[in-house]
Amino acid sequence: EAGVTQFPSHSVIEKGQTVTLRCDPISGHDNLYWYRRVMGKEIKFLLHFVKESKQDESGMPNNRFLAERTGGTYSTLKVQPAELEDSGVYFCASSPGRALYNEQFFGPGTRLTVL
Amino acid sequence: AQKVTQAQTEISVVEKEDVTLDCVYETRDTTYYLFWYKQPPSGELVFLIRRNSFDEQNEISGRYSWNFQKSTSSFNFTITASQVVDSAVYFCALSEWDFGNEKLTFGTGTRLTIIP
């Protein structure tokens with residue numbers, strides 16, 4: 001069974017440009033999460049989808065970030081326009097259920113560098 | 001607010017030594033879960049263990065063991081007879097129950113280097 005995949009693995013863009021990150025969760029997993037790790041700090045929650053609905057987007061830093069999950073399958077996270085402080089590693093995770101104890105399966109992350 | 005503290009930023013030990021990674025958490029919830037994840041050089045986060053707040057029994061899995069103590073809000077991870085393959089960044093995380101939403105609150109991670 002394929003794990004969580006993310007594309008691209010690395011992205012280098014200039015300040016002011018737009019970048020779209022993609023996440024393909026494990027097939028059948030209704031729950032999809034985005035996290036971000038900036039500059040060796042803690043991994044921080046961004047948002048949570050249940051199928052195509054945004055269940056919790058309390059961690060989104062500002063309105064330059066837009067996440068979508070059309071059809072409840074893969075998800076995209078768009079940053080527009082990108083700023084220097086957006087640099088970091090963006091992780092996607094998925095889980096089969098919404099119970100408190102469900103393990104979240106993580107992808108390898110997308111390393112975003114904004115110059 | 002929930003918080004997870006991993007005070008050890010980096011640890012280096014010689015192969016075959018034992019090593020303990022510390023994790024201290026803060027939460028007001030009575031129901032919560034604690035996790036450890038391993039991030040090898042390949043980048044993905046690999047699940048190691050989940051422990052619920054009502055189960056304080058220690059757990060052992062091969063060379064790995066975990067010590068959960070609610071009295072000190074700690075969930076420490078010990079690797080016995082370390083191996084080079086154990087070199088990675090290890091994250092402790094807390095799962096909060098917030099109006100039915102689940103999200104993981106992570107610590108800053110501990111980079112473990114096993115010296116051959």
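What you see is a predicted model, and the numbers here were worked out from it, not measured in a lab.
- Between B:Y37 and A:Q104, the closest side-chain pair of non-hydrogen atoms falls below 4.5 Å.
- Across all their heavy atoms, A:P108 and B:S42 have their closest contact at CB-O, 4.3 Å.
- By the rule that hydrophobic residues join a cluster once side-chain heavy atoms approach within less than 4.5 Å of another member, A:M39 and A:L112 end up as members of separate clusters.
- Residue A:K51 places its NZ atom among 12 or fewer non-hydrogen atoms of other residues, nucleotides or ligands, all under 6.0 Å distant.
- The CD atom of A:E42 lies 13.0 Å from the CG atom of B:L104; values are rounded to the nearest 0.5 Å.
- Residues B:R50 and A:E103 form a side-chain contact, since some pair of their non-hydrogen atoms from C-beta on lies under 4.5 Å apart.
- Counting heavy-atom neighbours within 6.0 Å of A:K44 NZ, excluding the residue itself, gives a total of 12 or less.
- The environment of B:I60 atom CD1 is sparse: at most 12 non-hydrogen atoms of other residues, nucleotides or ligands sit within 6.0 angstrom.
- Cluster membership check: A:V4 does not share its hydrophobic cluster with A:L46, using side-chain heavy-atom separations under 4.5 Å among Ile, Leu, Val, Met, Phe, Trp and Tyr.
- The part of B:Q39 that comes within reach of chain A is its side chain, from C-beta onward, which places non-hydrogen atoms under 4.5 angstrom from that chain.
- Under the 4.5 Å side-chain heavy-atom criterion for ILVMFWY residues, a single connected hydrophobic cluster contains both B:F106 and B:F47.
- If you take CD on A:Q6 and CD on B:E44, they are separated by 10.5 Å, rounding to the nearest 0.5 Å.
- Summarising the local packing, NZ of B:K3 is surrounded by 12 or fewer heavy atoms from other residues, nucleotides or ligands at distances under 6.0 Å.
- Residue contact with chain B, scored on non-hydrogen atoms closer than 4.5 Å, involves the side chain of A:R37 exclusively.
- Here the straight-line distance linking atom CD1 of A:I43 with atom OG1 of B:T105 works out to 11.5 Å at 0.5 Å rounding.
- B:L45 and A:F106 make their closest contact through CD1-CD2, 3.4 Å (heavy atoms, listed as atom of the first residue, atom of the second, distance).
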